[in-house]
Amino acid sequence: MTVDTLRRGPVAEAIRRHRLVVVLRRVEPRSALLDLVAELADAGASVFEVTFDAPSADADLVAVRERLGARTDGPFVVGAGTILHSGQLGAARRAGADFAVAPLLDPDLVSTSVAQGLPFIPGAFSPTEAAGAWAAGATFVKLFPASALGPTFVRELRGPMPDVELVPTGGIDAGNAAAFLEAGAAAIGIGGAIVRASAADRRAIVTAVRGAGMTR
């Protein structure tokens, strides 16, 4: 599968449309993870990322896919995060991940994932890394940690590099989410700010991001 096919494919389009990737990092026990996913889906979230930094990550991803697949208000997209080596990438594919995300740039890992037809979102922190990730075949580029760079960085980077689609992640919350989207981010990733929030605040974050997406 070609790079352009993945960039125009249904997974990439879902991420662009919904503009929010909910990052689920070590939410335990699994019953709590599934309850959280159901609550967020009820609130309108459609794209989820299960990070692969826990021993049960592959089974957790399968469980999340099954829970969401039983709903009638989909489709939903479930990816694998914190993919640092080929072993994790293989486990993510076997678990049925729709996409994979890394906090750093490994061009070989990007190429392997793309060759296998799995959209890959590597991390970058500088214009050089972002350009390298895009050249390697990234479906999107994860700007990480986004809170250390800010929305202005996104806006300035988009000037000379308009083709590189960014998904800022790390330190994004209800207070700055809209600013990143208004600066030109294709989508944003939010983890701790959603997981630790109250149910009402979680719903407010999802609603705010959906509203920002509608005004793009």
Side-chain angles (χ1 to χ4, degrees), residues 1-25 33 37 41 45-71 73-124 129-144 161-169 185-191 213:
M1 191 171 290
T2 68
V3 170
D4 286 342
T5 299
L6 292 179
R7 288 176 179 168
R8 295 193 304 265
V11 172
E13 287 300 326
I15 292 172
R16 291 188 192 98
R17 182 170 65 255
H18 296 292
R19 307 197 77 189
L20 171 64
V21 179
V22 176
V23 182
L24 303 166
R25 184 177 302 280
L33 170 65
V37 166
S46 296
V47 183
F48 297 85
E49 173 191 328
V50 178
T51 64
F52 267 51
D53 54 354
S56 62
D58 52 349
D60 289 340
L61 192 149
V62 169
V64 169
R65 282 178 55 84
E66 290 177 347
R67 174 62 65 90
L68 292 172
R71 297 175 64 102
D73 55 346
F76 296 92
V77 176
V78 184
T82 318
I83 301 297
L84 299 174
H85 54 74
S86 59
Q88 290 175 315
L89 181 62
R93 289 186 66 248
R94 289 189 296 273
D98 293 310
F99 63 93
V101 184
L104 46 74
L105 171 59
D106 180 338
D108 291 337
L109 202 57
V110 177
S111 298
T112 298
S113 186
V114 170
Q116 295 173 349
L118 185 66
F120 199 91
I121 308 174
E129 290 179 347
W134 196 250
T139 308
F140 296 96
V141 176
K142 173 180 177 175
L143 192 63
F144 179 80
M161 300 166 63
D163 293 337
V164 178
E165 295 190 86
L166 303 171
V167 181
T169 308
I188 54 175
I190 305 181

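What you see is a predicted model; the values in this text were computed from it and never measured. By convention here, the first residue in the shown sequence is residue 1.
Annotation: side chain of Phe99 is not in contact with side chain of Thr139 (no heavy-atom distance under 4.5 Å). Taking 4.5 Å as the limit, every side-chain heavy atom of Val47 sits out of range of all side-chain heavy atoms of Phe76. Side-chain contact between Leu89 and Gln116 is present, with at least one heavy-atom pair separated by less than 4.5 Å. Here the side chains of Leu109 and Phe120 are in contact, with some heavy-atom distance below 4.5 Å. Under the 4.5 Å side-chain criterion, counting only non-hydrogen atoms from C-beta, Val164 is in contact with Leu166. In this structure, the side chains of Thr169 and Pro103 stay at 4.5 Å or more apart for every pair of heavy atoms. Looking at heavy atoms from C-beta onward, Val101 lies out of side-chain contact with Ile83 at the 4.5 angstrom threshold. Between Val167 and Leu143 the shortest side-chain heavy-atom distance does not fall below 4.5 Å.
Heavy atoms only, all atoms of each residue included: Ala12 and Phe140 are closest at O-CZ, 3.6 Å. For Ala100 against Leu118, the heavy-atom pair with the smallest separation is CB-CD2, 4.0 Å. The shortest non-hydrogen separation linking Leu6 to Gly117 is CD2-O, 3.6 Å. Residues Gly137 and Val114 come closest through the heavy atom pair O-CG2, 3.4 Å. When all heavy atoms are compared, the tightest approach of Ala124 to Ala130 is CB-N, 3.6 Å.
Going from atom CZ of Phe144 over to atom CG of Leu105 covers 14.0 Å, rounded to the nearest 0.5 Å. Considering CZ of Arg67 and CZ of Phe48, their distance stands at 11.5 Å, rounded to 0.5 Å. Summarising the geometry, atom NE2 belonging to His85 is positioned 14.5 Å from atom CG belonging to Asp108; distances are rounded to the nearest 0.5 Å. Here the CD1 atom belonging to Ile188 is positioned 13.0 Å from the CD1 atom belonging to Ile15, to the nearest 0.5 angstrom. Distance check, rounded to the nearest 0.5 Å: CZ of Arg17 to OG of Ser46 gives 7.5 Å.
Applying the side-chain hydrogen bond (donor to acceptor under 3.5 Å, both in side chains) test to Ser111 and every residue at least two apart in sequence or in another chain returns nothing. Applying the salt bridge (charged side-chain N to carboxylate O under 4.0 Å, His left out) test to Asp73 and every residue at least two apart in sequence or in another chain returns Arg71. Under the rule for a side-chain contact (heavy atoms from CB on, under 4.5 Å), the partners of Ala97 that lie at least two apart in sequence or sit in another chain are Leu61, Ala80, Ala92. Not counting sequence neighbours, the partners of Arg25 by the side-chain hydrogen bond (donor to acceptor under 3.5 Å, both in side chains) test are Asp53, Thr82. Contacts of Arg8 classified as side-chain hydrogen bond (donor to acceptor under 3.5 Å, both in side chains), with partners at least two apart in sequence or in another chain: none.
Legend: salt bridge (charged side-chain N to carboxylate O under 4.0 Å, His left out) pairs involving residues 56-66, not counting sequence neighbours, sorted by first then second residue: Arg30-Asp60, Arg65-Asp98.
Remark: side-chain polar atoms of Thr2 are paired, donor with acceptor, to backbone N or O of Thr5 under 3.5 angstrom. The main-chain N or O of Leu84 is found under 3.5 Å from a side-chain atom of Gln88 such that the two form a donor-acceptor pair. Checking side-chain atoms of Glu49 against main-chain N and O of Val21 turns up no donor-acceptor pair under 3.5 Å.
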Any chance you could lay out the side-chain contact (heavy atoms from CB on, under 4.5 Å) test for Leu24 and Thr51, step after step, and finish with the verdict? CA-CA 6 Å; Leu24 303 166; Thr51 64; over 6 Å; no
The test is side-chain contact (heavy atoms from CB on, under 4.5 Å); show your working for Leu33 and Val64 and say whether it passes. CA-CA 8 Å; Leu33 170 65; Val64 169; 3.8 Å; yes
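Using a cut-off of 4.0 Å between Lys/Arg side-chain N and Asp/Glu carboxylate O, Arg7 and Glu165 are scored as not salt-bridged.
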